[in-house]
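Nothing fancy with the numbering, it's 1 onward along the sequence.
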Amino acid sequence: MASYLDQLVKRPEVHPLSDLLSHISSGHTPYKHNVTQGDVAFATVECVSPLRFHEDKLKRVTNDQYAGEFSRQRITKGSVLCTIKRRICQAYPWTEAPSFPLAINQDVALLKPRQGVNSAYLACYLSSRVGQSFADRQKTEQINPYISLVNLKTMPVFLPSDGFQKRVEAAFNRIAKMDAVAHSDGSSATDLLLSHLGSGPIDFPLAA
């Protein structure tokens, strides 16, 4: 894999990540704030896994904090969230703007691709075996691995044609829809089970 990566970086389609972005920043945690309180969703590293965003793991901050200290970090359509601590470069693309206000903490980076760079493709690349291998080269060797924004900006990214990027986006959208259906069906099954459990004891047949 190492020799493959060394050859890959020589290709003209490979650029440092910073060349493909119009914005990059990380968030923070408000000083002495209880992140279980507030009206605004607050994402930590636990909320982001490869190509998935886990709303059930969101924390909270207040409206005043969101309007103030988080005012320069707005997750808009086309944004990518990328983990930078513990689980490095696991990414999720917002192909549509989130339907709720959302802030991020210091373990998550906000990436905004420039024109011509597809957010779904970028998230897929960062989460791929190639992206993860490059990230391993950039991260610190600690109990909790970390990649600084400075090192993240230098990460090599292969940028294919617009057509290929759109094919990757289409595949991501299909997966996202299937995940949504599976989550809905799973929730329905759980609700059904709980409704039965709440209605009284259930007699389970004993194995013969």
Sub-4.5 Å side-chain heavy-atom contact between [X] and [Y]:
X	Y	value
Val35	Thr44	no
Thr154	Gln138	yes
Ser25	Leu110	yes
Leu122	Leu21	yes
Ile147	Thr140	no
Glu69	Pro30	yes
Phe158	Arg11	yes
Ile88	Asp136	no

(request) Would you please test Asn118 and Val168 for side chain to side chain contact (heavy atoms under 4.5 Å, CB included) and show each step? (result) CA-CA 9 Å; Asn118 185 287; Val168 172; over 6 Å; no

[X] and [Y]: same hydrophobic cluster, using ILVMFWY side-chain contacts below 4.5 Å?
X	Y	value
Tyr92	Ile75	yes
Phe134	Leu159	yes
Leu149	Val45	no
Ile104	Leu152	no
Tyr125	Ile84	yes

(message) Using the rule given for side chain to side chain contact (heavy atoms under 4.5 Å, CB included), can you reason through Leu51 versus Phe172, listing the C-alpha separation, both sets of side-chain angles and the distance that settles it, and then say yes or no?
(response) CA-CA 8 Å; Leu51 307 181; Phe172 167 78; 4.1 Å; yes

(request) Return the set of residues passing side-chain hydrogen bond (donor to acceptor under 3.5 Å, both in side chains) with Asp6 (not counting sequence neighbours), or none when no residue passes. (result)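 Applying side-chain hydrogen bond (donor to acceptor under 3.5 Å, both in side chains) to Asp6 gives Arg137.
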
Kindly compute the distance separating [atom1] ([X]) from [atom2] ([Y]), expressed to the nearest 0.5 Å.
X	Y	atom1	atom2	answer
Phe42	Leu58	CZ	CG	10.0 Å
Lys112	Ser79	NZ	OG	4.5 Å
Gln65	Thr29	CD	OG1	10.0 Å
Tyr121	Gln165	OH	CD	6.5 Å
Arg72	His23	CZ	NE2	10.0 Å
Leu111	Ser26	CG	OG	10.5 Å

(message) Distance alone, cut at 3.5 Å: any donor-acceptor contact between the side chains of Asp64 and Thr62?
(response) no

List the atom of [X], the atom of [Y], and the distance in Å for their closest heavy-atom pair.
X	Y	result
Pro93	Ala123	CD-CB, 3.6 Å
Ile175	Arg52	CG2-NH2, 4.3 Å
Cys89	Cys82	CA-SG, 3.5 Å
Ala43	Val108	O-CG2, 4.3 Å
Glu46	Arg87	CA-NH2, 3.2 Å
Ala91	Ser127	N-OG, 3.2 Å

(message) Parallel, tilted or perpendicular, judged at 30° and 60°: which one describes the rings of Phe100 and Trp94?
(response)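 Phe100 and Trp94: perpendicular rings.
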
(message) Can you confirm if the NZ or CZ of Arg74 lies within 45° of the ring axis of Tyr66 and under 6.0 Å from the centre of its six-membered ring?
(response) yes

(request) Using the side-chain hydrogen bond (donor to acceptor under 3.5 Å, both in side chains) rule, take Glu169 and Thr95 through it: C-alpha gap first, then chi angles, then the decisive distance, then the call. (result) CA-CA 9 Å; Glu169 180 182 33; Thr95 55; 5.5 Å; no

(message) Does Lys139 form a side chain to side chain contact (heavy atoms under 4.5 Å, CB included) with Asn151? I'd like the steps, not just the answer.
(response) CA-CA 8 Å; Lys139 70 183 182 182; Asn151 285 345; over 6 Å; no

(request) Run the numbers on Phe70 and His28 for ring-ring contact (aromatic ring centres under 6.0 Å, His included), then give the verdict. (result) CA-CA 9 Å; Phe70 292 101; His28 69 283; 4.5 Å; yes

(request) Check step by step if side chain to side chain contact (heavy atoms under 4.5 Å, CB included) holds for Val40 and Arg60. (result) CA-CA 5 Å; Val40 175; Arg60 316 301 297 181; 5.7 Å; no

